[in-house]
Enquirer: 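Below is the structure I would like to discuss, written out as structure tokens.
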Amino acid sequence: MTAPWIYARARESDVRHLAELLAFALKPGDVIALRGDLGAGKSTLARALIRALLSDETAEVPSPTFSLVQTYTTPRFPVSHLDLYRLGNADEARELGLEELISTGAALIEWPDRAEELLPEDRIEIHFEEDPTLDPSERNIKIEGLGTAQPRVERLRVIDRFLHQTGWADGQFSYLQGDASARRFARIVRNGSSVVLMDAPRQPDGPPIRDGKPYSRIAHLAEDLRPWAAITNALRAAGLSSPEVIAQDFDAGLLLVEDFGDEAFGHAVAQGTADQEELWRAAVDVLVFLRGHPAPDVITLDDGYTHKLPSFDRAALQIEIELLLDWYWPALYGKPPNDAVRTEYIRLWNTVFDAILKQPSTAWVLRDFHSPNLMWLPQRTGLQRVGILDCQDAVKGHPAYDLASLLQDARVDVPEALEQKLFDYYCSAVAARDPAFNRDDFTFAYAALCAQRNTKVLGIFARLSQRDGKNGYLRHIPRIWRYLDRDLAHAELGPLKTWYDLNFPAEHRVLPGVDQA
């Protein structure tokens with residue numbers, strides 16, 4: 001059994017740090033039970049935690065002593081702060097709507113002993129323990145995770161240890177919205193400087209699904225942070241902007257990396273702070289540059305770890321397009337496709353893959369080269385204005401893949417006219433450097449890989465919406481289908497277009513019962 005996590009001799013700054021750590025890990029349905037005498041620090045922690053969730057350290061957070069409950073709408077989910085001191089029994093807590101508050105958001109509960117029977121078994125317990133031998137400004141704080149909360153509390157303990165070892169525990173710690181993966185991110189600001197924490201414990205392999213391998217191995221997905229560090233180092237060595245690693249504990253799955261700020265391409269376009277064509281053209285310049293710098297076979301880190309860059313082979317291409325059948329088809333039709341449908345679908349795609357794999361496929365393929373993972377750094381010059389974030393799954397493959405990711409962005413609309421303009425720009429730039437460049441072959445590969453990627457995205461967005469219970473991913477689906485219609489219009493993809501039109505007619509391209517506005 002893991003020993004309790006004790007914050008010994010904690011002062012107010014330690015309470016704030018602990019609150020920010022808890023806010024980083026908190027999710028809907030969580031309950032934090034705050035125990036301790038009057039004046040022990042329960043309200044101080046709750047106030048700091050709520051301010052961290054609100055991303056506003058000056059927010060007014062009054063004590064709920066008289067109101068009994070205060071609920072706050074934060075960017076991530078609602079959080080309720082309850083003080084049950086004046087209650088006589090659990091029935092009175094039930095009348096406050098405690099159970100409903102827990103079901104719709106997170107709850108911080110002072111004096112939880114007044115409603116012990118209503119508390120979920122899976123919760124976080126925080127005990128403020130006074131010690132007469134301590135300074136009056138100090139407390140011993142014991143943090144425990146009960147039930148399923150236990151490993152999450154232990155993870156916070158590991159993060160806290162890492163931050164103390166690297167000297168960043170005294171910084172202001174704030175949650176950053178991440179991607180769709182299991183990784184989490186936080187910004188830490190200290191004395192005018194900032195770093196980003198990457199929290200990515202090694203993910204266990206899933207069940208074997210083909211040839212004794214799990215999906216991650218077939219699709220060549222990174223399983224820890226070493227590939228990320230190796231690839232970002234290689235990109236930086238080539239003269240591009242990718243975050244520098246400040247500190248690492250690979251075994252624990254923790255990195256502190258250079259902070260590129262908040263100006264992701266999608267955010268910049270949405271806020272009107274940058275011109276979409278300027279940003280996307282700068283990113284195309286990066287891809288033209290990478291085409292002239294072939295991907296290495298291996299990359300070695302300072303600790304001796306060697307990362308072999310895999311090839312984007314047939315198995316990886318095929319397993320990705322199967323996500324349409326595995327996740328999107330059942331979400332649409334309520335059941336998986338029959339064997340005949342699957343067999344014909346894979347046969348048609350393998351004909352396309354035959355043609356793609358005949359073309360040279362040794363270029364860098366960063367794989368998620370699109371708006372969420374590209375940062376605009378206008379204070380830099382040239383190619384370094386484009387910050388490249390999410391590239392741990394990079395492979396060697398056809399250079400059209402990253403151009404497809406960029407010009408048919410999964411989350412930001414790229415007008416067809418701009419796509420064509422930048423596609424022409426890319427082809428002209430490459431042809432000027434490489435007389436052997438064959439535009440017809442490249443145009444086919446681009447259309448095919450756009451179709452392959454968009455097919456995969458349909459499956460992923462359907463899956464994520466079901467997993468998270470949210471419709472946010474699904475609002476992108478109509479745009480993905482518009483892209484696919486353009487892709488499949490290429491003459492050599494005619495048989496595939498016939499299959500898609502037959503199995504997904506126009507009226508079946510919106511998942512049922514979902515508001516996709």
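These values consider heavy atoms only, across backbone and side chains, with no hydrogens, waters or symmetry-generated copies.
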Enquirer: So, using side-chain hydrogen bond (donor to acceptor under 3.5 Å, both in side chains) as the criterion, who are the partners of Gln165 when residues are at least two apart?
Expert: none
Enquirer: Over 60° means perpendicular and under 30° means parallel, so classify the ring planes of Trp280 and Phe265, tilted if in between.
Expert: tilted
Enquirer: Check this for me, if you would: do Arg51 and Glu57 make a salt bridge, where the nitrogen-to-carboxylate-oxygen distance has to be below 4.0 angstrom?
Expert: no
Enquirer: May I ask you to check if Arg76 and Tyr175 form a cation-pi contact, with NZ or CZ under 6.0 angstrom from the six-membered ring centre and within 45° of the axis?
Expert: yes
Enquirer: Is it true that Arg479 and Asp409 have a side-chain N and a carboxylate O under 4.0 angstrom from each other?
Expert: no
Enquirer: Answer yes or no: is there a donor N or O on one side and an acceptor on the other, between the side chain of Arg291 and the main chain of Trp364, under 3.5 Å?
Expert: no
Enquirer: Any Lys/Arg nitrogen of Asp285 or Arg385 sitting under 4.0 Å from an Asp/Glu carboxylate oxygen of the other?
Expert: no
Enquirer: Describe, in one word, how the ring planes of Tyr426 and Phe442 are oriented to each other, choosing from parallel (under 30°), tilted (30 to 60°) and perpendicular (over 60°).
Expert: parallel
Enquirer: Using 30° and 60° as the class limits, which term best fits the ring planes of Tyr500 and Phe504: parallel, tilted or perpendicular?
Expert: tilted
Enquirer: Would you please name every residue forming a salt bridge (charged side-chain N to carboxylate O under 4.0 Å, His left out) with Arg47, sequence neighbours left out?
Expert: none
Enquirer: Looking at Arg16 and Glu12, is there a salt bridge between them, counting it only when a charged N and a carboxylate O are closer than 4.0 Å?
Expert: no
Enquirer: Is there a donor-acceptor pair under 3.5 Å between the side chain of Thr74 and the backbone N or O of Tyr72?
Expert: no
Enquirer: Apply the test ring pair (Phe, Tyr, Trp, His ring centres under 6.0 Å) to residues His220 and Phe312: give CA-CA distance (whole Å), side-chain angles for both, the deciding distance (0.1 Å), then the verdict.
Expert: CA-CA 8 Å; His220 305 310; Phe312 205 5; 7.7 Å; no
Enquirer: Give me each pair satisfying salt bridge (charged side-chain N to carboxylate O under 4.0 Å, His left out) with a member in residues 226-235, each pair once, sequence neighbours excluded.
Expert: Asp224-Arg226, Arg226-Asp251
Enquirer: For Ile388, does its backbone N or O pair with a side-chain atom of Ser242 as donor and acceptor, under 3.5 Å?
Expert: yes
Enquirer: Under a 4.0 Å N-O cut-off, is there an ion pair linking Arg453 with Glu320?
Expert: no
